[in-house]
Amino acid sequence: MADILIDRVGSTLHLTLNRPAKKNALTPDMYTVLANSLNDAAGDFSIRAVVISGAGGAFTGGNDIGDFLNTPPSGADSPVFQFLYAIHAFPKPLLAAVSGNAVGIGTTMLMHCDLAYAGADAIFSMPFVTLGLIPEAGSSLLFPKLVGHVRASEIFLTGRNFGAQEALELRLINQIADDPVATALEMARIIGEQPPTAVINTKALLKSGHHEAVTRVMEVEGELFRIALESDEARMAFMNFLSKRAQG
Ligand code: COA
């Protein structure tokens, strides 16, 4: 089975992160498929919205930690940054359906989604600092903008998890749903019946106040993130994670 499943449901493109044995941890190849799918969907008039979900009871464990250690992204043309720019620039409605863990980029990508639904079992986390890293995907701007400085600081600086109810209170998701994929697909269908140019222009207007600022902050984060990946703090944290798993 492919690590990204690509399905059409009416006018919706449904992308499923499908590496369940590794909690759908994201590899460079997966980022490339996601970025290409989004870029193709942007230019395909028949696609009106995209839904992203995860297979096997998890959204994603975040970036593959082995890849962080062995093949860290080296520049703005790296697959992870191509994916981040693709979600940031995606002109059509982007919806997320979260079940289980949404770690790192699994939570920060939600800040680029227009609608998000989560199961009651969802666990969100952005353990960048805990891993010796810094926030990415524009989240150092988007998260405090969404939740306020003190709550963003507490979550980023402690690296703590939070559940679906808190995600709802933080306005990271629209709703806790029994079946988040079905709910996201239904919302995508409803939006897909709206006049498409009005939808695209409305999304652009909703993002216009901070779009350029997010582009700039993503560039700064990208530089700092690449430096942090090479640091002793980060490499120790990655090796700890991998050795704990190797010991079972
Ligand atoms: N990179 C590489 N492998 C990962 C991974 C990641 N980000 N997330 C999970 N996996 C792997 C585990 O190593 C394990 O592999 P194994 O069975 O070969 O040992 C498998 O996925 C299942 O994970 P496990 O930890 O046993 O599941 P869990 O339900 O106990 O915990 C998580 C799930 C997501 C909380 C936990 O795996 C985790 O903390 N992952 C790392 C998250 C992270 O720090 N990501 C980077 C963010 S920037």
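Every number for a ligand or one of its atoms is a count from 1 in the order of the listing. Note that the coordinates shown come from a computational prediction; the quantities given were computed from them, not determined experimentally.
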- [ ] Tell me, please: is Gly100 in heavy-atom contact with ligand 1, that is, under 4.0 Å?
- [x] no
Open item on the list: Return the closest protein heavy atom for atom 15 (O) of ligand 1 as residue, atom name and distance.
Closed with: Lys22 NZ, 3.3 Å
Open item on the list: So does Ala137 get a backbone contact from the side chain of His112, meaning a donor-acceptor N/O pair under 3.5 Å?
Closed with: yes
Task: Residue, atom name and distance, where the atom is the protein heavy atom closest to atom 45 (N) of ligand 1 - done: Gly61 O, 2.8 Å
Open item on the list: Donor-acceptor check, side chain of Arg19 to backbone of Asp3, threshold 3.5 angstrom: yes or no?
Closed with: no
Open item on the list: Please work out, at 4.0 Å between heavy atoms, whether the side chain, the backbone, both, or neither of Ser125 comes within that distance of ligand 1.
Closed with: neither
Task: Heavy atoms from other residues, nucleotides or ligands near CZ of Arg171 exceed 12 (cutoff 6.0 Å) - done: no
- [ ] Identify the protein heavy atom lying closest to atom 17 (O) of ligand 1, giving its residue, its atom name and the separation to 0.1 Å.
- [x] Ala21 O, 4.4 Å
Task: For atom 23 (O) of ligand 1, the protein heavy atom that lies nearest, with its residue and separation - done: Lys23 CG, 3.7 Å
- [ ] Report the part of Asn101 in contact with ligand 1, treating N, CA, C, O as backbone and CB onward as side chain, heavy atoms under 4.0 Å; options are side chain, backbone, both, neither.
- [x] side chain
- [ ] With heavy atoms only and a cut-off of under 4.0 Å, state how Ile65 meets ligand 1: side chain, backbone, both or neither.
- [x] both
Task: Heavy-atom pair with the smallest gap, counting every atom of Pro73 and Leu229 - done: CD-CD1, 3.5 Å
TODO: Give the single entry among Leu242, Leu131, Ile123 that approaches atom 44 (O) of ligand 1 most closely by any heavy atom.
DONE: Leu131
Task: Basic-acidic side-chain contact under 4.0 Å: Glu193, Arg48 - done: no
- [ ] Considering only NZ, NE, NH1 and NH2 on the basic side and carboxylate oxygens on the acidic side, decide whether Lys203 and Asp114 come within less than 4.0 Å.
- [x] yes
TODO: Could you check atom 38 (C) of ligand 1 against the protein and tell me its nearest heavy-atom contact, residue, atom and distance included?
DONE: Phe241 CE1, 3.7 Å
- [ ] Any atoms of ligand 1 less than 4.0 Å from a non-hydrogen atom of Val103? List them with their elements.
- [x] 34 (C), 42 (C), 43 (C), 45 (N), 47 (C)
Open item on the list: Run Arg189 and Glu186 through salt bridge (charged side-chain N to carboxylate O under 4.0 Å, His left out) and show every step you take.
Closed with: CA-CA 5 Å; Arg189 186 192 66 75; Glu186 174 60 6; 2.9 Å; yes
Open item on the list: Within the 4.0 Å heavy-atom shell around Ala25, which atoms of ligand 1 are there?
Closed with: 1 (N), 5 (C), 6 (C), 7 (N)
Open item on the list: Using the rule given for side-chain contact (heavy atoms from CB on, under 4.5 Å), can you reason through Phe124 versus Ile155, listing the C-alpha separation, both sets of side-chain angles and the distance that settles it, and then say yes or no?
Closed with: CA-CA 10 Å; Phe124 303 82; Ile155 288 171; over 6 Å; no
Open item on the list: With a heavy-atom distance limit of 4.0 Å, tell me whether Ile105 approaches ligand 1 through its side chain, its backbone, both, or neither.
Closed with: neither
- [ ] Quick one: look up the protein heavy atom nearest atom 26 (O) of ligand 1 and list residue, atom name and how far away it is.
- [x] Arg245 NE, 4.1 Å
TODO: Establish whether atom 48 (S) of ligand 1 and some protein heavy atom are separated by less than 4.0 angstrom.
DONE: yes
Open item on the list: Working to the nearest 0.5 angstrom, can you tell me the gap between Ser11 OG and Asp44 CG?
Closed with: 10.5 Å
Open item on the list: Does Asn70 have more than 12 heavy atoms from other residues, nucleotides or ligands lying within 6.0 Å of its CG?
Closed with: yes
